[in-house]
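Atoms within a ligand are numbered from 1 in the order they appear, just like the ligands themselves. Keep in mind that what you see is a predicted model, and the values were worked out from it rather than measured.
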Amino acid sequence: MGGIDLARRAACALLTGVIEEHRTLSEQIAGGALDGLSPPERARAQRLAQTTLRNLPRADAMLKPHLRKSPPPDLRALLRLAVIELCAEDAAPHGVVNAAVSLARAGGQRTEGFTGLVNAVLRKVAEARPAWDSLPPPALPGWLRGRLMSAYGKVAVQRMEAAHLASAPIDLTAKGDPAALAARLGGTLLPTGSVRLAPGAHVTDLPGYAEGDWWVQDAAAAMAARALAPRAGEKVLDLCAAPGGKTLQLAAAGAEVTALDISAPRLARLRENLERCGLRARTVAADALDWQPEGHFDAILLDAPCSATGTIRRHPDLPHVKDAAGIKALIALQAALLDRALTWLAPGGRLVFVTCSLLPEEGERQIEAALTRHPGLRCTTIDLPGIEPGWITPTGGLRLRPDYWPDLGGMDGFFIASLTFTR
Ligand SMILES: C[S@@+](CC[C@H](N)C(=O)[O-])C[C@H]1O[C@@H](n2cnc3c(N)ncnc32)[C@H](O)[C@@H]1O
């Protein structure tokens, strides 16, 4: 079997893992789902699985007129994947149909009896290819859509859904001058200082990767550490730090950084990132709810665990594996982490609270509740180069959404608030 078929077969398995077993792509990949594939095959398998997940209802709409009943899971994955190759990737029909038939034949009892159906259905889909372009972007799952509609309105939600359809660009944070980095890599310098590359770039092959001249970090994520404005020599706590994109920013500013995370494996990645970039931070593996620092901090960055609903364009598997079930517990954990971290601030210190969530309960509402719980706490209006006035919330926080910067390629959804005590 040629390499391309290995990538297709792995992509089908990834899809089935997400849809039938509700396992994220990262979990499956960490569990060895792509082991044995060459780097280009791995990249292709991931890209195929992600594009299929982004377009699932559109793929089903193309298949539906040609199927009398719902196919079993393995066959459905194979058909959906082939539709994506035909319609989203505009691959040559002959090759896609033949490859799908071979995959069905090699797939054992669950698919080998369906080679005729695969052949016939995909030929019809290929003929109907023009219909693909007018299919609407897939809707977010009902539980999330309802909440976002209440928060932002229908038009905004439709824009977010359209933004989720495109694959995310690759953003870099420069250790040095971002304009020079953009020129060196042929990227775009974004208004907030990140450097943007087109999706699909092989980052580890790019100049400056091995030397640690830059790191991959979404432009919206990079705004959080900028909002904290760390200064050289300051004692800064990066709470919930791994894998460390923000730690690198804080350390690069010359701050004396303590980076804490509950996950030892994620902290190991943070240390690797520090080493590659030639930066230093003290690392602590601990539950922030139990840990007690020896002294106070001038500044704290709390990047709290959250629903990650702001990262769907980067992680199109999320809507298929997560529901509203865990969100209440996350909101309670965020509040507990925030209350605890506030006690570690030195007089005059500042804390930046961040979540990569689109839900106001994990952002705007969380900060309003904290302001009520803590007399003397106030939210300072965030003011950073490149941000637009409409992104600032009534309390002064920064609300970032995937439908912002539509002409530049969007950004992840984040909420960022800067807090300080008035004495
Ligand atoms: C949003 S991620 C952090 C991303 C990171 N700040 C970055 O920029 O790369 C949230 C992190 O919180 C950590 N976490 C969750 N619960 C925690 C707890 N109770 N104490 C410390 N860390 C925790 C998770 O392990 C996870 O790495």
Sequence neighbours excluded, the answer for side-chain hydrogen bond (donor to acceptor under 3.5 Å, both in side chains) partners of Thr381 is none
Pocket residues of ligand 1, ordered first by chain and then by residue number (heavy-atom cut-off under 4.0 Å):
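These residues qualify: Cys240, Ala241, Ala242, Pro243, Gly244, Gly245, Lys246, Leu260, Asp261, Ile262, Ser263, Arg266, Ala286, Asp287, Ala288, Asp303, Pro305.
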Basic-acidic side-chain contact under 4.0 Å: Asp218, Arg313
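A salt bridge links Asp218 with Arg313.
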Output yes when Glu361 and Lys328 qualify as a salt bridge under the 4.0 Å nitrogen-oxygen rule, no when they do not.
no
Can Arg378 be said to sit on top of Phe421's aromatic six-ring, NZ or CZ under 6.0 Å from centre and within 45° of the ring axis?
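No cation-pi geometry.
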When you measure from the side chain of Asn273 to the backbone of Gly244, do you find a donor-acceptor pair of N or O atoms at a distance under 3.5 Å?
no
Nearest heavy-atom neighbours spanning Asn55 and Pro138:
CA-CG, 4.2 Å
